[in-house]
Q: 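Quick one: the structure is below, and I'll ask about it shortly.
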Amino acid sequence: MTAMGILWSLLLDPVLGMYPYFLKLLGFSNVAFLKDPALAMPTIVLMTTWKNFGLSMTILVAGLQGIPEVYYEAAAIDGVNHWEQFRHIILPLLIPTLSFCIVTNTIGSLQVF
C-alpha cells in the first residue's frame, strides 16, 4: 500500500507528475488530483481499483480453470452456442469465486476510508 501511494503521488503531482503534464498539453488548467476536493475521492477509488485488479483477475482465472472440461464437452455435443455456454455453465460455476472477489474488494475498499 505504501509503494502504491508513493507511486501515485508522484504520477499525480501537480508540478512533476506525468498525468497533469499530459493534461496541460491538452489545454487543461493546472489539475491537482489529490488536492481538489471534487477529484480526490474519485482518484482514490481509481487507485484502489487499479491495485486490486491484478489479484481479482488471478482469482477469477483460477476459478475459470477449475471448471471441468466435461461441461464444455457436453455443451459442444448438445450444440450450445458461446452465450448459452457462458450463461448456463461458466457463470453459475463462477458465482462462489465472484462472490469471494466482491466481498474481499468491498472489505478492502472500506478499509481505505
Side-chain angles (χ1 to χ4, degrees):
M1 191 62 121
T2 303
M4 185 198 78
I6 292 170
L7 172 74
W8 281 99
S9 66
L10 290 174
L11 288 173
L12 298 174
D13 184 73
V15 178
L16 302 172
M18 183 176 71
Y19 294 124
Y21 173 76
F22 286 125
L23 288 175
K24 285 179 192 174
L25 290 178
L26 293 174
F28 291 97
S29 63
N30 193 8
V31 180
F33 288 100
L34 298 174
K35 294 179 182 175
D36 184 6
L39 293 176
M41 186 64 71
T43 302
I44 292 172
V45 168
L46 287 174
M47 290 186 321
T48 306
T49 303
W50 173 82
K51 182 182 84 63
N52 294 330
F53 186 77
L55 178 63
S56 297
M57 285 301 111
T58 304
I59 292 170
L60 288 173
V61 166
L64 282 172
Q65 290 176 344
I67 298 174
E69 287 292 322
V70 176
Y71 295 120
Y72 299 117
E73 292 169 1
I77 291 171
D78 290 340
V80 174
N81 63 26
H82 290 293
W83 170 248
E84 291 172 340
Q85 183 178 2
F86 174 77
R87 197 176 76 169
H88 296 294
I89 297 172
I90 297 172
L91 193 59
L93 293 175
L94 271 185
I95 285 178
T97 308
L98 285 169
S99 300
F100 175 77
C101 287
I102 290 169
V103 168
T104 55
N105 284 332
T106 302
I107 290 170
S109 297
L110 291 174
Q111 286 177 342
V112 169
F113 303 108

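Bear in mind that the values here come from a model prediction, so they are computed numbers and not experimental data. These numbers come from the heavy atoms of this one structure, side chains and all, not from hydrogens, waters or symmetry mates.
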Q: Do you know which two heavy atoms are closest between Leu34 and Ser9, and how far apart they sit?
A: CD1-CA, 4.4 Å

Q: Any donor and acceptor pair, going by atom type alone, linking the side chain of Asn81 with main-chain N or O of Trp83 inside 3.5 Å?
A: yes

Q: Which atom pair, heavy atoms only, marks the closest approach of Ile89 to Ala75?
A: CD1-CB, 3.6 Å

Q: How about Asn105 and Thr48: do any of their side-chain heavy atoms sit closer than 4.5 Å?
A: no

Q: Under the side-chain contact (heavy atoms from CB on, under 4.5 Å) rule, what do Leu11 and Phe33 come out as? Steps first, then yes or no, please.
A: CA-CA 10 Å; Leu11 288 173; Phe33 288 100; over 6 Å; no

Q: Does atom OH of Tyr21 have more than 12 heavy-atom neighbours, drawn from other residues, nucleotides or ligands, at distances under 6.0 Å?
A: no

Q: For the pair Leu60 and Leu98, evaluate side-chain contact (heavy atoms from CB on, under 4.5 Å) and give the outcome as yes or no after the intermediate values.
A: CA-CA 7 Å; Leu60 288 173; Leu98 285 169; 3.5 Å; yes

Q: For the residue pair Trp8 and Tyr19, does the interplanar ring angle fall in the parallel (under 30°), tilted (30 to 60°) or perpendicular (over 60°) class?
A: parallel

Q: Which heavy atom of Leu64 sits nearest a heavy atom of Tyr72, and at what distance?
A: O-OH, 4.4 Å

Q: Between Leu55 and Met4, is there a shared hydrophobic cluster once you connect ILVMFWY residues whose side-chain heavy atoms come closer than 4.5 Å?
A: no

Q: Applying the 4.5 Å side-chain criterion to the ILVMFWY set and letting contacts propagate, would Leu94 and Ile59 be lumped into a single cluster?
A: no

Q: Pro92 and Phe86: which non-hydrogen atoms are nearest, and at how many Å?
A: CD-O, 4.2 Å

Q: Does Leu39 belong to the same Ile/Leu/Val/Met/Phe/Trp/Tyr cluster as Leu26, with side-chain heavy atoms less than 4.5 Å apart forming each link?
A: yes

Q: Show the nearest heavy-atom pair for residues Gly54 and Thr58, with the distance to one decimal.
A: O-OG1, 2.8 Å

Q: Same cluster for Leu12 and Leu7 if Ile/Leu/Val/Met/Phe/Trp/Tyr side chains link at under 4.5 Å?
A: yes

Q: Considering non-hydrogen atoms only, spot the tightest contact between Pro14 and Lys24 and give its length.
A: O-NZ, 3.5 Å

Q: Mark yes or no for whether Ser56, through its side chain, and Phe53, through its backbone, hold a donor-acceptor pair below 3.5 Å.
A: no

Q: Checking Phe100 against Ile102 for the side-chain contact (heavy atoms from CB on, under 4.5 Å) test, could you report, in this order, the C-alpha distance in whole Å, the side-chain angles of both residues, the deciding distance, and whether it holds?
A: CA-CA 6 Å; Phe100 175 77; Ile102 290 169; over 6 Å; no

Q: Any link between Ile95 and Ile90 through a network of hydrophobic side chains (Ile, Leu, Val, Met, Phe, Trp, Tyr) touching at under 4.5 Å?
A: no

